[in-house]
Amino acid sequence: RPSITAFVSRHEGQLGAHPLLKGFRVLLEKQLGDEFVWRWLLQEEVLLEAGDDSFMEQAVELLACVLRRADPAAGDDDIGDCEVGASSAGVLAWELPAQASDPHISRLVALLPRATRLEGRATGELRKTRAQRSNVRGELDEDGGLCLGGLLRCNVL
C-alpha cells in the first residue's frame, strides 16, 4: 500500500490530482495553530474524475490513513468561503483527529508538494467545527513525532 510520499510521487505529475493535493495541503495548513478542528468537504466526483480507479483507491486510502471521516451534515459553524448546498448527498467530509499535534501536521505538510507546484484551485471547502483539539502544541506526543512513521506506511485494507 502506498505511503504519503509514494502517493505524492506517483500522482503529483497528473494535473487531475493537483486540486486534491492542494486541498489536502490547505486543510493541513489551516489546522496549524488553530484550537478547533477544521473539516474538509469534498464532492465524491473529485475522487471519481481526477484519475483512474487506482487513483481513487489510493486517494481514499491516503485520506483514511491520515484523516477521519466525519458527518458532512453535522451542524458545526460554517466558516467556509464556499457553499456545499443544503444536501450532503455525494459529499465526503474529512478531518484530522483532535489529538493531532502541530508538530505532526507540519511534518505531513512537508511531505506534500508546495502549493506553487500544483495547478488549479484547491478542491473542496473548509468548515471550522466546534470540536477542540486536545494536543495542539504536542505536549501529549509520547513518541517525539515518531508515530507519524506509522501514518506514512499506513495500510487500510
Check: Nearest 0.5 Å, what's the OG1-CZ distance between Thr123 and Phe24?
Finding: 13.5 Å
Item checked: Between CG on residue Leu41 and CD on residue Glu125, distance to nearest 0.5 Å -> 5.0 Å
Next item on the list: Only one of Ile105, Val109, Leu67 passes side chain to side chain contact (heavy atoms under 4.5 Å, CB included) with Leu27; say which it is.
Entry: Leu67
Margin query: Please give me the minimum heavy-atom distance between Ala93 and Asp71, naming the atom from each residue.
Written below: CB-C, 4.2 Å
Item checked: Heavy-atom closest pair, residues Ala50 and Gly16 -> CB-O, 3.2 Å
Check: Do you reckon Leu63 sits in the same ILVMFWY cluster as Phe55, going by side-chain contacts under 4.5 Å, direct or chained?
Finding: yes
Item checked: Value rounded to 0.5 Å, distance of NZ in Lys22 from CG in Leu112 -> 13.0 Å
Next item on the list: Look up atom CH2 in Trp40 and atom CG in Leu20, then write down how far apart they are to the nearest 0.5 Å.
Entry: 4.5 Å
Checklist line | Heavy-atom closest contact (His18 atom, Gln14 atom, distance) | finding: CD2-O, 3.2 Å
Item checked: Side-chain donor or acceptor of Arg69 paired with backbone N/O of Ala64 under 3.5 Å -> no
Item checked: Glu95 bridged to Lys128 by N-O distance under 4.0 Å -> no
Next item on the list: Group every Ile, Leu, Val, Met, Phe, Trp and Tyr by side-chain heavy-atom contacts under 4.5 Å, then state whether Leu96 and Val60 land in the same group.
Entry: yes
Check: How close do Met56 and Leu48 get, heavy atom to heavy atom, and via which atoms?
Finding: SD-CD2, 3.1 Å
Next item on the list: Give a yes or no answer on whether the side chain of Gln31 reaches the backbone of Phe36 with a donor-acceptor pair at less than 3.5 Å.
Entry: yes
Next item on the list: Identify the heavy atoms of Ala17 and His11 that sit nearest to each other, and give their distance.
Entry: CB-O, 3.5 Å
Check: Are the side chains of Asp102 and Arg133 in touch, meaning some heavy atoms are under 4.5 Å apart?
Finding: yes
Margin query: Please report the interatomic distance CG(Leu92) to CD(Glu45), rounded to the nearest 0.5 Å.
Written below: 9.0 Å
Next item on the list: Give the C-alpha distance, both sets of side-chain angles, the deciding distance and a yes or no for side-chain contact (heavy atoms from CB on, under 4.5 Å) between Val91 and Gln43.
Entry: CA-CA 5 Å; Val91 176; Gln43 295 292 331; 3.6 Å; yes
Notebook entry, point to check: What distance separates Arg114 CZ from Leu21 CG, expressed to the nearest 0.5 Å?
Noted result: 15.0 Å
Note to self: Looking at every non-hydrogen atom in both residues, tell me the closest pair between Ile4 and Leu108 and how far apart they are.
What the structure shows: CD1-CD2, 3.4 Å
Next item on the list: Would you confirm whether Arg25, through its side chain, and Pro113, through its main-chain N or O, come within 3.5 Å as a donor-acceptor pair?
Entry: yes
